[in-house]
Amino acid sequence: MLGGGTTDRSWSDTVARRPTLKGTWDRIVASDPGLLRLMAGLRTVAAIGLALAVLALIGMSVTQMVVGAMTAMVSTFAIREKTVRGQAVTLALGLPVALVAISLGAVLNHRVVAGDLFFIALIFGAVYSRRFGDRGTALGLIGFQVYFVSLFVGAGTGQLPPLYGVLAISFACSAVARFALVPETPQRVLGRLREAFRARLGQLVTAQTRLLDAPPEELDDVLDDLRRHTARLHESALMIQGRLEDGTRDEAAAALVQRRVADAEVAAERLGMLLLNARSADRADTLTLHLPGAPVPATGRLLRREDEATATLRRDLGALHLMVIRPAESNRGTAVAQIRNRLLGYRDEERIPPGATLAVQDVFRGIGEAARAVLGLRLALDGPQDESDDSPATTRSREEFDAEDVSISVEKEVAEEAEEEPSGLRRPTTRAAFQVAVGSSLAIVGGEFLSTQRWYWAVLTCWVVFLNTASTGEIVVKGYRRLLGTVLGVVAGVGLAGVVGNHTWIAFGLVLLCVFAMFFTAPLSYALMSFFVTAMLGLLYTLLNTYSVDVLVLRIEETALGAACGIIAAMLVLPVRTDSRTDEQLATVLERLGDVVAGAVEQLSGGPAADLLDKARDLDTALDDLRASTQPLTHPITPLRERRQTARYLVALLETSAYHARSLAATAELVPYSKRVGADPRLGRAARRIAHNIDVLVAHVTEADRDGRVESGASIAAMLETDGLGVPAANTVTFRVLRHLQRLDEGITGLARPLDVPVGPRA
């Protein structure tokens, strides 16, 4: 029973009786944030389908339709710019690039030496052009892929006039699909990302509710679910951050949404930690929420269903979930206000069951903070809400938001430090261009020995294994996934070719399905995407009347050769070892962690205001880069189990430290205008050891100084007692800040062991 009386209960029952269609849609939205994968797949399929329809109506041959389909595909997926104007300009520039590429492909098709030399030069230029941003990347990709299409269909100079028309039609169809059939604007994308964040927040609260009642034997599975939903919420928050600048009307609006999303993320993650602590015999380790396979805390305080405090807690977690998922336009009426007021009341210690343990009381306060964050998110995204039934706690929360809004609207000059960019051969795009050129040369030579007609498959594989990779280990893993997907795709291609036979339009229909699946699964699994690519190629060979099992087997051989050539080039030409790459990323994460902690502590100690949320997002971005760079070390094919466990442990410790740093930043942002959060000069002294230890770790990782020692000793709170300052009372904001600092201190000290940094008391 909801504590707001019969009104609350009837409202809850009404929501429970709703059709499941909304819940199903929420799951789709949450699984594909912003519907980016769905829209990319639909847009590409629409462009290809429209191009095929137009080419069929004007009587083009099957070969020309294949060229049109592949051109429509590349001209659609290659363009990644966020603004509509930028997309239009790149698409317009892409057509002349495509015309030149197919012309040179037709001219050089039968000139082996000249054609191979030009292909290598084209590959070098296509990779090097990535240094010019999204537009350079897109134009390079279009040039390479259209040249590849000319090789695929064996285009000759006599075929060029109709092929020019095919390319023009394909680019026009791509434009129609992009700007009319499946339009995409930064505002729409950001709106869908907000909806995905809301859906994922609701899923996280549901997972946290399961944690409340899970028996000990199910706790492992529940914790895995909680970790997954926490990571997915964080992913959505980062995606919103990347789209704010283009998707909001001005800088102040973007800053407001950024702050509200950060508040909601921190409050939700903290609520999960408090629930885990309430279930534990001792205070739970924060690392449990970030390290898969971490020991499950002993459940010495298994919450009883019949306990009044537990029943109230369960009810209010359900109410928080409804507050999250209920559409803004439905947030009217007394019942909604009663639930919101009750949850926000926990921020002022109101109505917390008197018999609850201290840990359970913390959970109620966490629910109150989460409800405040949800209210702030509603105000930022949906505008003013009904205030007629506000309680004093709700009114105070609105006043805090108003004060924050005023501070955000004041234009601030932020000094941005220009990062030193590598030059010459140290520049990633230059290095990758030389590596791909060398690898492609090897692939051409080897591919010619396997097949004088289809050697280009080896070159294509060598090209793709270098895309979005930055170290030798990443290239090895990507090559392995490409080969695995190709082998499985060949099996599927054999089956599909047998089903299709001579039915041209059935084959084109299956090609469209493969294209959609290819784009929808690309961010999830590279092996799965390669599977659909190979299955699609089997269908295209069927359409071109060149299909045979031998051709598909050759595809496997060429893929293996191309992957091997890419790996050899990455190891021999300007190599970037995985260890070096991860050390570089690790140093960046530690530096940005230090920036966030130092800025937050300074502001919490009474120092000047700083843009802490931007610093926190820079930290999150660096941590994501580190996570990607450690994938070769944590991949199942890695034979070194100890290194795999060490890499996972390091990333988990850093994720835990980043959570506490985000919490400190979110609390520090409240200092200038909150009535509950005041500056405390003692905190600066308490954080000195953390700052010193981060500096020692950075110096050790970068090999600037390997003689430093990480300091350990008394807890942060004990340090304050030693100074005669006393420990703040429990449940105060200062006490919470000290708890985050203590966890940070433990996390930074914990990093010393896997990094082989000596630890000892202060000299």
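Predicted, not measured: the structure shown is a model, and the values here were computed from it.
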Would you say [X] and [Y] make side-chain contact, with heavy atoms under 4.5 Å?
| X | Y | answer |
| --- | --- | --- |
| Pro428 | Arg130 | no |
| Val551 | Gln453 | no |
| Phe532 | Leu513 | no |
| Val459 | Trp463 | no |
| Ile556 | Leu483 | yes |
| Thr71 | Val166 | no |
| Val153 | Gln64 | no |
| Trp457 | Arg454 | yes |

So which atom in [X] and which in [Y] form the shortest heavy-atom distance, rounded to 0.1 Å?
| X | Y | result |
| --- | --- | --- |
| Ala268 | Leu233 | CB-CD2, 4.0 Å |
| Ala155 | Leu163 | CB-CD1, 3.9 Å |
| Arg200 | Arg232 | NH1-O, 2.6 Å |
| Val62 | Leu543 | CG1-O, 3.4 Å |
| Leu377 | Ala264 | CD2-CB, 4.3 Å |
| Gly566 | Val465 | CA-CG2, 4.4 Å |

Sub-3.5 Å donor-acceptor pair from the side chain of [X] to the main-chain atoms of [Y], do we have one?
| X | Y | result |
| --- | --- | --- |
| Thr90 | Gln87 | no |
| Thr521 | Leu524 | no |
| Thr206 | Gly202 | yes |
| Lys478 | Ala563 | no |
| Thr534 | Gly489 | no |
| Arg43 | Pro183 | no |
| Ser150 | Tyr147 | yes |
| Ser170 | Gly68 | yes |

Original post:
What residue among Thr486, Leu484, Val464 forms side chain to side chain contact (heavy atoms under 4.5 Å, CB included) with Thr559?
Top reply: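 Of Thr486, Leu484, Val464, side chain to side chain contact (heavy atoms under 4.5 Å, CB included) with Thr559 is met by Thr486 alone.
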**OP:** Given side chain to side chain contact (heavy atoms under 4.5 Å, CB included), test Met536 with Val515 step by step and report yes or no.
**Re:** CA-CA 7 Å; Met536 177 190 70; Val515 168; 3.5 Å; yes
Subject >> Donor on one side chain, acceptor on other, Thr44 and Thr76, under 3.5 Å >> reply: no
Rounded at 0.5 Å granularity, tell me how far [atom1] in [X] sits from [atom2] in [Y].
| X | Y | atom1 | atom2 | result |
| --- | --- | --- | --- | --- |
| Leu167 | Met70 | CG | CE | 12.0 Å |
| Ile506 | Thr542 | CD1 | OG1 | 12.0 Å |
| Leu512 | Leu52 | CG | CG | 6.0 Å |
| Leu91 | Ile142 | CG | CD1 | 7.0 Å |
| Leu552 | Glu557 | CG | CD | 11.5 Å |
| Asn109 | Leu104 | CG | CG | 12.0 Å |

Original post:
Can you say whether the rings of Phe77 and Phe519 are parallel (under 30°), tilted (30 to 60°) or perpendicular (over 60°)?
Top reply: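 Tilted, since the angle between the ring planes falls between 30° and 60°.
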Original post:
Any idea how Phe144 and Phe148 line up, ring-wise: parallel (<30°), tilted (30 to 60°), or perpendicular (>60°)?
Top reply: parallel
Subject >> Worked verdict on Ser103 versus Tyr164 for side chain to side chain contact (heavy atoms under 4.5 Å, CB included) >> reply: CA-CA 9 Å; Ser103 300; Tyr164 290 156; 2.6 Å; yes
Subject >> Stepwise side chain to side chain contact (heavy atoms under 4.5 Å, CB included) test for Ser530 and Arg481 >> reply: CA-CA 8 Å; Ser530 300; Arg481 289 171 173 166; 6.0 Å; no
**OP:** Test Ile58 against Ile169 for side chain to side chain contact (heavy atoms under 4.5 Å, CB included), laying out the working first.
**Re:** CA-CA 11 Å; Ile58 62 177; Ile169 290 172; 3.6 Å; yes
Original post:
Looking at the rings of Phe119 and Tyr456, which for Trp means the six-membered one, are their centres under 6.0 Å apart?
Top reply: no
**OP:** May I ask you to check whether Phe152 and Tyr541 place their ring centres under 6.0 Å from each other?
**Re:**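 They qualify: ring centres under 6.0 Å apart.
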**OP:** Determine the sole option in Arg80, Lys82, Arg178, Arg192 for which the salt bridge (charged side-chain N to carboxylate O under 4.0 Å, His left out) test with Glu184 is passed.
**Re:** Arg192
**OP:** Please lay out, stage by stage, how Glu81 and Arg135 fare under the test salt bridge (charged side-chain N to carboxylate O under 4.0 Å, His left out).
**Re:** CA-CA 7 Å; Glu81 291 181 90; Arg135 182 164 297 159; 3.3 Å; yes
Original post:
Does Arg37 make a cation-pi contact with Phe520, if we ask for NZ or CZ under 6.0 Å from the ring centre and within 45° of the axis?
Top reply: yes
**OP:** Quick one: do Glu195 and Arg198 satisfy salt bridge (charged side-chain N to carboxylate O under 4.0 Å, His left out)? Show the steps, please.
**Re:** CA-CA 5 Å; Glu195 187 69 10; Arg198 179 197 60 78; 2.4 Å; yes
**OP:** Would you mind checking if Arg617 and Asp620 are paired as a salt bridge, meaning a charged N to carboxylate O distance below 4.0 Å?
**Re:** yes
